[in-house]
Engineer: 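Pasting in a structure now, in structure tokens, and then I'll have a few things to ask.
All chains are named by letter (A, B, ...) in the order of the sequence lines, taking the proteins before the strands, and each is independently numbered beginning at 1.
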Amino acid sequence: MNRAFSSLHPAVSFVFFAVMIVFTMLFMQPVFLGVTLISALIFSFILNGRRGVKLSFLVYLPMFLLIAVSNPLFNHRGRTTLFFFMDNPITLEAILYGICSAASLIAILAWFSCYSKVITSDKFLYLFAKLTPAVALLITMTIRMISKLKYQLKTISNAQHTIGLDQRTGSLSERVKKGMRVISILLSWSMEDAIETADSMKARGYGLKNRTTFSLFKFDTRDGLVLGLISVLAGICFAGYFSGYGTMQFYPSIRPLNLSPQAIVLYIAFAVLALLPIIIEVRESCKWRAYK
Amino acid sequence: MACLQIENLSFSYPNTQERALESVNLEIKEGEFVLVCGVSGCGKSTLLRHIKREITPHGSKVGTVYYRGVEIEKLDQRMAASEIGFVMQNPETQLVTDTVWHELAFGLENSGLSTSEIRRKVAEMASFFGIDGWFRKSVDELSGGQKQLLNLASVMAMQPKLLILDEPTAQLDPIAAQDFLATVAKINRELAVTVILTEHRLEEVFLMADRIVVMEKGAIVCFDTPEQTAKLLANSHHKQSMFKGLPSAIRIYSEIRLGNHCPLSVRDGRKWLAEYMIPVEKVFDDQVNDRAQKQKQKPVIAAEEIWFKYSKAGNDILRGFSLKAYSGEILCVLGGNGTGKTTMLGVISGLLKQYRGKVVINGKKIEAFQAKELYRNNLALLPQNPTALFVCDTVLGDLEEAATMLRLDKETLSTEIDRIAIELRITKFFERHPYDLSGGEQQKVALAKLLLLDPKIVLLDEPTKGLDAESKEELGEILKKLGSQDVAIVIVTHDIEFAAEYADQCAMMFDGNIVSEGKAKEFFAGNNFYTTAANRMARGIFPKAVTCEDVIALCKISG
Amino acid sequence: MQDKRISKYTKVVRIMFIILLPLLLVLSTLSGDKNYGLLSVIFMIVAMVPFFLKFEKRRPEARELVVIAVMAALAALGRVAFAPIPNFKPTSAIIIISAMAFGPEAGFLTGATAAVASNLFFGQGPWTPWQMFCWGMIGFVAGILRNAGFLKGRLSLSIYGLVAGFAFGWVMNLWFIIGFINPITWQAIVAAYISSFWFDFSNAVSTLIFVFVLAKPWLKKLDRINVKFGLME
């Protein structure tokens, strides 16, 4: 599906994800973590639909609980002891810290799941090629190779099946043996093909000096605007972070939440940044509705 | 100035005495379409690779190749890479990247062009080839024919002035092959690109060429227009090795030799026959196999009203398909791409499970067989690509490995291997690596491996793909011999000429079903379009003649 | 020739360490709280840069690219194919074999590429650079040991496989500890290693088995390819 946010230039969406993931890792403060977690989850629902919801309940929720619970069990710092568990004090501070670090982890995972939906392999390779074209080409070739090998693997295992060497039957050691046979054939076959692939590359001039990298992506005004917005907002947040707004003291006791005007501006700036993809998506779908 | 000039080129591969090329002299003019033909191993590919500097094989070389008057080694690198384009046989292995657009751009990236230049050239090529529709697709969504067109397009994107194609259609089905060749002809005609092409299937391509090079044992024996080449081949001793691969009209003419002009196409051939022959209605007996006749009562394969689809939501691939095969009979199932031929083989070999209908092998339902039982002394499938069966470093090792994996006992094993190897004439390859053999030789080794299992039923999937005429004939003879040993043979193929020559029974598949079936000769004589070139040529004069031999025999009666 | 190459690598790696370690310290003190998770990911990426740049500068030949692509694709495919059995994978073994056949650099690239490519199926995450680095290092070290004359026999190779298998799991545990446990205590580290022991164990054993069974025949096959490509001429 070609979503509004996904149609942005890869550099723009990459910067957005990088900034969000960095902030999620840097900030250790309930407001920021809440904002980033909620927007990451909403965006993941938009991108993944029902699968996103399922993912969050089956994977994220248990993980969240595990981390939130394990921190107070291993970590006994903090002044406010709530109760004792197996002779160890369980503190309020540790519980809250556990919840925050769980939120941070889940938010990172959720942002990454959005990232892999938006930054498809071609975009990733486009970006990677900017860094190191030869390795990017290597990865491109590997991706192509994987789909080719998958097909060959099927061909081989079918051929082996019809001479009675089906690796899905027999004892475990037999199966392993037959499985190894199949991948050995795959190795020989694909390496033999590789010689021809190398010829095909050379025949098309691979190895000449000054190789360039072509892409289908174009950087247009909209990309510029969004990138500008992201930079401004991220700049504000970084400034806030370095003036100490991004973290909170948990141990030995929790400081109250900072609600100064500067802090509130910072919260709003971060919220706008985090919700940017959602705002873009909603705006576009409103437009489509209006066209109908 | 000549586009290409080869002077006294001789070449031999490392560690061999034999010369792969023997003082080759050749001059090709600008804008010419040249066909290079000869049997497998005659040095065609070696010659072509000497014209493309980047992929010239290692070995000792004498003589020179000039491209537009410049020695090929002295050409500017960039110019050599882009002005001489090379397309190889296998559509799969030539693809380097994962998407169509990237593949088209690959050569241009190598040449160091800017994004805007590449965008423009790629757009031009995509439009010329009509592949703009799949521009953003991943390459593995394409069919074999489309992949090969993409390979051609990505070479053409570099705007070569000389295009070399080494058996580009060998891995394609006939329809895709015709499309591909038509595109090559268009490139030659409309862009004035010089074309050098090698092919095994000469029926269509013989006419397209301006001049034809015939090679034998690394030397050029003839380089002339199609008419002259045809005449020469028809007359000389060279006929023997190349003969089977030539267009039907030439083969028939060369036996009859009436008139001065050798017909090349089906159309000319029909005119020629009409001029010199009087119509004969003789029916050709299918060589009825007595044993097959007797055993007609009890089929070894009986598929009854099979329905199959790959997923619950998918389309039906087989729709109430039924088929019977008998021992000692060669059954060819013909049909285009996507008619379910290969799926059908999957179902009757137990690889795929039908969701309705039943398959009975030797009187026993296929589901009732234990996995191994079905493939031991019973049924064997030769896959389209024999490489899928090779495990070892030598042919002999491979045969022995197969036998031990299959737990045959040691003594019968070596005698069995010897017996089969002699029968298939592969003893001389025993010490070679299976991958170093030609397509036809690999096919035979794979078949030998299957025959070690002593099958009563042999299924073959497109066995003639990529084979030259000689290997096809050899394969056909082996299958006939197997048939005479009471083995039931089912072949799925596109190859009409092969079916007409070697099948006892033919069936045509369409839309997941068998739409017509009959004895080979009757079957083809009854078809209008889907029949051999010889039959199309002789239609109206000898309506029942199917193969070239039939037509020749009738010509001899009639003329 | 090969020795020179190794020393060049170590030089670059040393320089990286010299520049990076203080930088990391400064960053982590600046940030007030200890964000080792983020830093570790950045560190992993930066640590791989010299390998990539080296490869880039050398302008690799077509045959090198194809051969590494095939090995990486096999390794990645092995990871996908064996996904139902947790931690029983031929991936590390294939990377080791690739390094044995084609040298340390090819080994590193096979590992790193296999990690990126297989994560296209499993999902990319902050662990991708870690995996790239770990698998890359398994290959790189194997290649260096090969050039130094070790790992000649099947036994030593299998032992390397076992060690590499464990090392992979242990280093990847570090990622979890650095990234998600705060403050890092000895108890937490021990708990993490104990809870992952069986996974690491099966990972190591599977690598050992795959190396033991595949190394000999595969190296023979790859030698043939080396000859065919004219690398041995």
Engineer: Of the backbone (N, CA, C, O) and the side chain (C-beta and beyond), which part of A/Lys202 lies under 4.5 Å from a heavy atom of chain B, both, or neither?
Structural biologist: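 Both backbone and side chain of A/Lys202 come within 4.5 Å of chain B.
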Engineer: For the residue pair B/Trp101 and A/Phe214, categorise the inter-ring angle as parallel (less than 30°), tilted (30 to 60°) or perpendicular (more than 60°).
Structural biologist: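 Answer is perpendicular, since the angle exceeds 60°.
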Engineer: Nearest heavy-atom pair of A/Thr162 and B/Tyr375: which atoms, and what distance?
Structural biologist: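 So the two residues come closest at O-CD2, 3.2 Å.
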Engineer: For B/Ser154, is it the side chain, the backbone, both or neither that has a heavy atom under 4.5 Å from a heavy atom of chain A?
Structural biologist: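 When you check distances to chain A, atoms from both the backbone and side chain of B/Ser154 fall under 4.5 Å.
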Engineer: Is there a side-chain contact between B/Gln77 and A/Lys209, using heavy atoms and a 4.5 Å cut-off?
Structural biologist: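 When only atoms from C-beta onward are counted, A/Lys209 and B/Gln77 do not touch, as no gap falls below 4.5 Å.
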Engineer: Out of curiosity, B/Leu95 CG to A/Met141 CE, how far, rounded to the nearest 0.5 Å?
Structural biologist: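 The distance works out to 11.5 Å.
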Engineer: Using 4.0 Å as the upper bound for N to carboxylate O, is an ion pair formed by A/Lys150 and B/Asp140?
Structural biologist: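 Salt bridge absent between B/Asp140 and A/Lys150.
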Engineer: What part of A/Lys218 gets within 4.5 angstrom of chain B, counting heavy atoms only: side chain, backbone, both, or neither?
Structural biologist: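 Contact with chain B involves the side chain of A/Lys218 alone.
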Engineer: Run the side-chain contact (heavy atoms from CB on, under 4.5 Å) test on B/Arg136 and A/Leu216 for me, step by step, so that the C-alpha distance in whole Å, both residues' side-chain angles and the decisive distance to 0.1 Å come before the verdict.
Structural biologist: CA-CA 9 Å; B/Arg136 278 173 191 264; A/Leu216 295 175; 3.9 Å; yes
Engineer: Search all heavy atoms of A/Ala159 against all heavy atoms of B/Pro383 and return the closest pair with its distance.
Structural biologist: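 The answer is CB-CG, 3.9 Å.
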Engineer: Within the structure provided, determine whether A/Arg211 and B/Phe106 are in side-chain contact (heavy-atom separation under 4.5 Å).
Structural biologist: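 Result yes, sub-4.5 Å side-chain heavy-atom pair found.
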Engineer: A/Arg144 and B/Val139: side-chain contact (heavy atoms from CB on, under 4.5 Å), yes or no, with the steps?
Structural biologist: CA-CA 8 Å; A/Arg144 152 80 189 134; B/Val139 290; 3.7 Å; yes
Engineer: Looking at B/Glu109, B/Glu54, B/Glu103, which hits salt bridge (Lys or Arg N to Asp or Glu O under 4.0 Å) with A/Arg204?
Structural biologist: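 Option passing the salt bridge (Lys or Arg N to Asp or Glu O under 4.0 Å) with A/Arg204: B/Glu103.
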Engineer: Is a donor from one side chain sitting under 3.5 angstrom from an acceptor on the other, for B/Gln94 and A/Ser200?
Structural biologist: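 No - no donor-acceptor pair under 3.5 Å links their side chains.
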Engineer: So which of A/Ala203, A/Ser184, A/Ala198 has the largest heavy-atom pair count under 4.5 angstrom toward chain B?
Structural biologist: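 Option with the top pair count is A/Ala203.
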Engineer: Counting heavy-atom pairs under 4.5 Å with chain B, which one of A/Asn158, A/Ile195, A/Thr155 comes out on top?
Structural biologist: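 Between A/Asn158, A/Ile195, A/Thr155, the count favours A/Asn158.
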Engineer: Is the shortest side-chain heavy-atom distance between B/Asp98 and A/Met145 below 4.5 Å?
Structural biologist: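 No, their side chains stay 4.5 Å or more apart.
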Engineer: What part of A/Tyr126 lies closer than 4.5 angstrom to a heavy atom of chain B: side chain, backbone, both or neither?
Structural biologist: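 A/Tyr126 has no heavy atom closer than 4.5 Å to chain B.
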Engineer: If only atom types and distance count, is the side chain of B/Thr93 paired as donor or acceptor with the main-chain N or O of A/Glu196 below 3.5 Å?
Structural biologist: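 Not a single qualifying donor-acceptor pair exists.
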Engineer: Is it true that atom OH of B/Tyr13 has more than 12 heavy atoms of other residues, nucleotides or ligands lying nearer than 6.0 Å?
Structural biologist: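 Atom OH in B/Tyr13 is packed in, count exceeds 12.
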Engineer: Should we say atom CZ of A/Phe14 is surrounded by more than 12 heavy atoms from elsewhere, each under 6.0 Å from it?
Structural biologist: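 Counting other residues, nucleotides and ligands, CZ of A/Phe14 stays at 12 neighbours or fewer.
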Engineer: Does any heavy atom of chain A fall under 4.5 Å from the side chain of B/Leu459, the backbone, both, or neither of them?
Structural biologist: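 Contact with chain A: none, neither part.
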Engineer: Heavy-atom distance under 4.5 Å between the side chains of A/Ser188 and B/Phe390, does that happen here?
Structural biologist: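 Heavy-atom side-chain distance check fails, nothing below 4.5 Å.
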Engineer: As an exercise: rank A/Asn210, A/Ile156, A/Asp199, A/Ile146 by heavy-atom pairs under 4.5 Å with chain B and give me the winner.
Structural biologist: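 Ranked by contacts with chain B, first place is A/Asp199.
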Engineer: Just wondering, do A/Trp189 and B/Asn385 contact through their side chains at under 4.5 Å, heavy atoms?
Structural biologist: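 Side chain of B/Asn385 against side chain of A/Trp189, heavy atoms only: contact under 4.5 Å found.
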Engineer: Non-hydrogen atoms of chain A under 4.5 Å away: do they reach the side chain of B/Thr97, the backbone, both or neither?
Structural biologist: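 Its backbone and side chain both get close to chain A.
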Engineer: At their closest point, which heavy atom of A/Thr213 faces which heavy atom of B/Thr115, and how far apart are they?
Structural biologist: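 Heavy atoms only, the tightest pair is O-OG1, 4.0 Å.
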Engineer: Side chain, backbone, both or neither: which part of B/Leu389 has an atom under 4.5 Å from a heavy atom of chain A?
Structural biologist: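 Both the backbone and the side chain of B/Leu389 come within 4.5 Å of chain A.
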Engineer: Does B/Leu453 reach the side chain of A/Ile163, with side-chain heavy atoms less than 4.5 Å apart?
Structural biologist: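 SC-SC contact between B/Leu453 and A/Ile163 confirmed.
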Engineer: To the nearest 0.5 Å, how far apart are CG in A/Leu186 and OG1 in B/Thr387?
Structural biologist: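 It is 11.5 Å, given to the nearest 0.5 Å.
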